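Because the structure is a prediction, the values reported are computed rather than measured.
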Amino acid sequence: MKNIEIAKIFERIADALEIKGENKFKIIAYRNAAKALSDLTEDISEIYEKGKLLEIPGIGEGIAKKIEEYLKTGRMKKYEEAVSGIPEGLFELLNIPNLGPKTIKLAYESLKVENLQQLLEVINNGSLEKLPMMGKKKVENIKEGIKEYLEKKGEKRRFPIGVVEKVVEYFVSELKNNKFVENIEVAGSYRRHCETVGDIDILVVGKEGGKIIEHFTSLPNVSKVLSKGDTKGSIIDNELNIQIDLRVVDEKSFGSALQYFTGSKAHNIKLRGIAKDLGYKLSEYGIFKEEEYICGRDEIEVYEKLGLVFIPPELREDRGEIELALKGKIPSLVQLKDIKGDLHIHSNYSDGFDDIETIASYGISLGYEYIGIADHSMSVKYAGGLEEERILKQIEEIENLNKKLKNIKILKGSEVDILKDGSLDFKDEILKKLDFVIAAIHQGFKKNVTERMIDAMDNPYVKIIAHPTGRLLSGREGYDVNIEKVMEKASEKNIFLEINSYYDRLDLNEINAKMAKEMGIKLIINTDAHNIKMMNDIKYGVYIARRAWLNKDDIVNTRNLKDFINLLKNG
DNA sequence: GCCGTTTTCGGCCCGACTGTTTTCAGTCG
Ligand SMILES: Nc1nc2c(ncn2[C@H]2C[C@H](O)[C@@H](COP(=O)(O)OP(=O)(O)OP(=O)(O)O)O2)c(=O)[nH]1
Ligand SMILES: [Mg+2]
Ligand SMILES: [Mg+2]
Ligand SMILES: [Zn+2]
């Protein structure tokens, strides 16, 4: 799929036009087109071939032509023209905090600054601060921005949601201790349950904004104060070096402020446009008609006043949810409490920590009707893969435990490796003794992965493909796999694709999971737990499913035990 | 550059904080 590739080109055009000082709405148009492409759950080439480019919101005649040109020739004249005359080194400067396109343009045109090195020179020799609208403090802030940029570079720019929870809890509990704080809610991408967050956004209700923010910015875990005023403040925390934005509003603006601060930005802009069309003004302070306050206490009344039904935060990405909400047709999303079992759990037979009975007991405490043990197969030596005798022994142990345990069913499974030649790591005689088989790639990431996965799905015992793309949020790129081909096969063979809930995997991701649903594939949310605590990661998988617009029916492990077993056999 | 059923021209979200200014630009949320 060239979707992301083309999206990046449009982003680059937007950057270039911004540095050149082009019309800002044109720049926005290119960014919107880039977002539209990234959000697609269909191959842009196929949409083009069907002649349906113009049906994508944000893509008009001009951009459609450019997509066509790129798909046909591999080049785009507009791109080449836009970046011409802009030194390569200027683009990265756009990522420096406190430094924007206007200042970059100014420094480039007045001082011939073409890269970071030269920017530092004009800062140090004092020529930058002599430019119009510049000054000592501005330059000092840019210098700070560069420092921050260089510290963050190399490291990951965004944080997996599972990593920031502790920091969120700390700041929320500290703020709750403040006597002026009347209500508190975490907003932003964290509330939308994005797979990663760029910062943490916290909303507080209180009348003494200045005092609350003073308290916030002077907490012990604050390593740096970025800004502070009477209604908002920003800091960097000293544990993760993550930015935290605090917003304080009056109680009568709580709902509208929560709406604003939850975002996404694109969702907000569209919603505000709707308000405007209706003769209102929507801001974080509420809905207004001719400066007169109409409502804003609760989030739901904001949506309803504008003629929409409530939209769950996970859907607020401007991916069509607003149009649906206007018609009252928001899908009912799968919930954590719908999950009846977890099929991808490692025991101490392979590289897991806990024994099977402990895992089963923990499953009961999570309210599950079944759990599945899926240890690694023999060729995965580094992860304690099971030899044949070991899995036979495990099967026997599970059968005995099932006689003993009344409140949960343990399903016998395997996370069997797809070998480099596409065959499976266990013989069919072994696989057929199991209740379910998960096939997965743990070797040969760049070697015919698509064909191997398709071969694996041809095995009559394979029912699930684990972490189908192999990506890790912490860096690893993932398999060299054509995920659509895999999905076509999964659809044909009724194979369940996994949403792996481990916070660093979250694989399938939301776009792929949505694509899978649209292709008629059922999904399964598993944790890949290696100890019982990790079984709680299931919520991250549910978050992804919700962001992928999936409902209870799309997720097979929402079925009760009887239906689930039927589905494994026949589904 | 995109969009529209009152419009094919003239809009395109709205506000806080900072630093520079004498009334506002730039950056960010
Ligand atoms: N109306 C409006 N709201 C915005 C704008 N920029 C940001 N917001 C709102 C919506 C965002 O979700 C919220 C928090 O801003 P952030 O920059 O932290 O973005 P968000 O948390 O969505 O993503 P992140 O993971 O932090 O990159 O503020 C804007 O330009 N206009
Ligand atoms: Mg944020
Ligand atoms: Mg923020
Ligand atoms: Zn596993």
Side-chain angles (χ1 to χ4, degrees), chain A residues 10 13-14 17-18 21-36 53-67 78 82 93-107 129-142 144-145 148 187-189 197-203 209-210 213 217 225-235 243-249 253 256-257 259-288 291 296 306 318 322:
Chain A
F10 288 139
I13 292 176
L17 297 182
E18 208 160 28
E22 255 276 14
N23 177 292
K24 67 172 181 164
F25 298 108
K26 192 186 279 191
I27 294 160
I28 288 170
Y30 277 106
R31 295 207 195 281
N32 286 344
K35 176 181 181 298
L53 286 180
L54 292 177
E55 289 180 18
I56 304 170
I59 298 195
E61 299 280 353
I63 286 183
K65 279 251 158 32
K66 294 174 179 80
I67 293 172
K78 175 71 191 186
L93 303 186
L94 288 167
N95 298 320
I96 296 171
N98 308 325
L99 179 64
K102 295 287 197 293
T103 312
I104 293 171
K105 180 170 191 279
L106 182 69
E129 74 174 69
K130 293 205 174 63
L131 295 177
M133 291 299 292
M134 298 299 289
K136 260 207 157 40
K137 288 190 172 171
K138 274 209 149 156
V139 170
E140 189 51 42
N141 284 335
I142 292 169
E144 281 292 306
E148 220 180 283
S189 48
V197 298
D199 68 359
I200 298 165
D201 303 289
I202 303 175
L203 175 67
I213 284 156
T217 54
V225 178
L226 299 173
S227 73
K228 59 173 173 174
D230 286 340
T231 70
K232 66 195 247 188
S234 291
I235 61 100
Q243 180 172 334
I244 305 180
D245 294 334
L246 181 70
R247 192 71 208 253
V248 184
V249 296
S253 297
S256 46
Q259 193 291 312
Y260 150 72
F261 217 23
T262 298
S264 66
K265 173 178 169 177
H267 177 92
N268 287 358
I269 290 174
K270 179 159 278 180
L271 207 60
R272 287 171 179 210
I274 288 172
K276 202 167 186 174
D277 291 343
L278 293 172
Y280 297 117
K281 180 182 67 172
L282 171 61
S283 76
E284 57 266 50
Y285 295 107
I287 293 183
F288 297 84
E291 302 303 304
L306 301 176
D318 191 21
I322 290 180

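Distances shorter than 4.0 Å separate some side-chain N or O of A:Lys276 from OP1 or OP2 on B:dC14. Contact annotation: A:Tyr30 does not reach the phosphate of B:dC12 (side-chain N/O to OP1 or OP2, under 4.0 Å).
With sequence neighbours excluded, no residue forms a side chain to side chain contact (heavy atoms under 4.5 Å, CB included) with A:Pro57. Checked against side chain to side chain contact (heavy atoms under 4.5 Å, CB included), A:Lys26 has the following partners two or more places apart in sequence or in another chain: A:Leu17, A:Glu22, A:Asn23, A:Tyr30. Applying the side chain to side chain contact (heavy atoms under 4.5 Å, CB included) criterion to A:Ala34, with sequence neighbours excluded, gives A:Ala7, A:Phe10, A:Glu11.
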| Derivation of the side-chain contact (heavy atoms from CB on, under 4.5 Å) call for A:Gln259 and A:Leu271 | CA-CA 10 Å; A:Gln259 193 291 312; A:Leu271 207 60; 3.4 Å; yes
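Among the protein residues, A:Leu282 comes within range of the sugar-phosphate backbone only, with heavy atoms under 4.0 Å from sugar or phosphate atoms but none that close to a base. Heavy atoms of A:Asn32 sit nowhere under 4.0 angstrom from any nucleic acid atom. Among the atoms of the strands shown, only primed sugar atoms or phosphate atoms (P, OP1, OP2) are found under 4.0 Å from some heavy atom of A:Lys281. When heavy atoms are screened at a 4.0 angstrom cut-off, A:Ile269 is found touching base atoms of the nucleic acid.
For the P atoms, the distance from B:dA16 to B:dT21 is 24 Å, rounded to whole Å. For B:dC12 and B:dT7, the C1' atoms lie 14 Å apart once the distance is rounded to whole Å. The gap from the C1' atom of B:dT6 to that of B:dG11 amounts to 15 Å, rounded to the nearest Å. Here, B:dG29 and B:dC13 have their C1' atoms 12 Å apart, quoted to the whole Å. Between B:dT20 and B:dA25, the two C1' atoms lie 8 Å apart (nearest whole Å). Here the separation of B:dT8 from B:dG1, taken at their C1' atoms, is 14 Å to the nearest Å.
Note: CG (A:Leu226) to C1' (B:dG19) measures 16 Å, nearest angstrom. One atom, CG of A:Leu271, and another, C1' of B:dC13, lie 10 Å apart when rounded to the nearest Å. Rounded to whole Å, the distance from CD on A:Glu144 to P on B:dT18 is 14 Å. Note: NZ (A:Lys270) to P (B:dC13) measures 11 Å, nearest angstrom. To the nearest angstrom, C1' of B:dG1 lies 10 Å from CD of A:Glu22. Straight-line distance from the NZ atom of A:Lys24 to the P atom of B:dC14: 11 Å, rounded to whole Å. One interatomic measurement links the two molecules: NZ of A:Lys65 to P of B:dC2, which rounds to 10 Å at whole-angstrom precision.
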| task | Indicate for each nucleotide in nucleotides 20-29 of chain B, in 5' to 3' sequence, whether protein heavy atoms under 4.0 Å reach the base (B), only the sugar-phosphate (S), or nothing (-). | result | S----SSSSB
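Counting only residues at least two apart or in different chains, salt bridge (Lys or Arg N to Asp or Glu O under 4.0 Å) contacts with residues 95-106 of chain A comprise A:Lys105-A:Glu109.
A:Arg31 and A:Glu18 are joined by a salt bridge, as a carboxylate oxygen and a charged side-chain nitrogen come within less than 4.0 angstrom of each other. Remark: A:Lys137 does not engage A:Glu144 in a salt bridge, criterion side-chain N to carboxylate O under 4.0 Å.
For the pair A:Gln243 and A:Asp199, the tightest heavy-atom approach, listed with the atom from each and the gap, is O-CB, 3.2 Å. Listed here is the closest heavy atom pair of A:Leu54 and A:Gly60: CD2-C, 3.3 Å.
Comparing atom distances between the A:Ser227 side chain and each of B:dG15, B:dT18, B:dG1 picks out B:dT18 as nearest.
Side chain of A:Thr217 to backbone of A:Ile213: a donor-acceptor contact under 3.5 angstrom is found.
In this structure, A:Asn141 and A:Tyr285 both approach DNA chain B, and ranking their closest nucleotides by distance from the 5' end singles out A:Tyr285.
The glycosidic torsion of B:dT7 lies within 90° of 0, which places this base in the syn conformation.
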Each nucleotide N or O in nucleotides 3-10 of chain B that has a protein N or O under 3.5 Å away: list the pair and distance.
| from | atom 1 | to | atom 2 | distance (Å) |
| --- | --- | --- | --- | --- |
| B:dC3 | OP1 | A:Gly58 | N | 2.6 |

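Within the model, atoms NZ of A:Lys232 and CG of A:Leu226 stand 11.5 Å from one another, a figure rounded to the nearest 0.5 Å.
The pairing partner recorded for B:dT8 is none, the criterion being a Watson-Crick or G-U wobble arrangement whose two distances lie under 3.5 angstrom.
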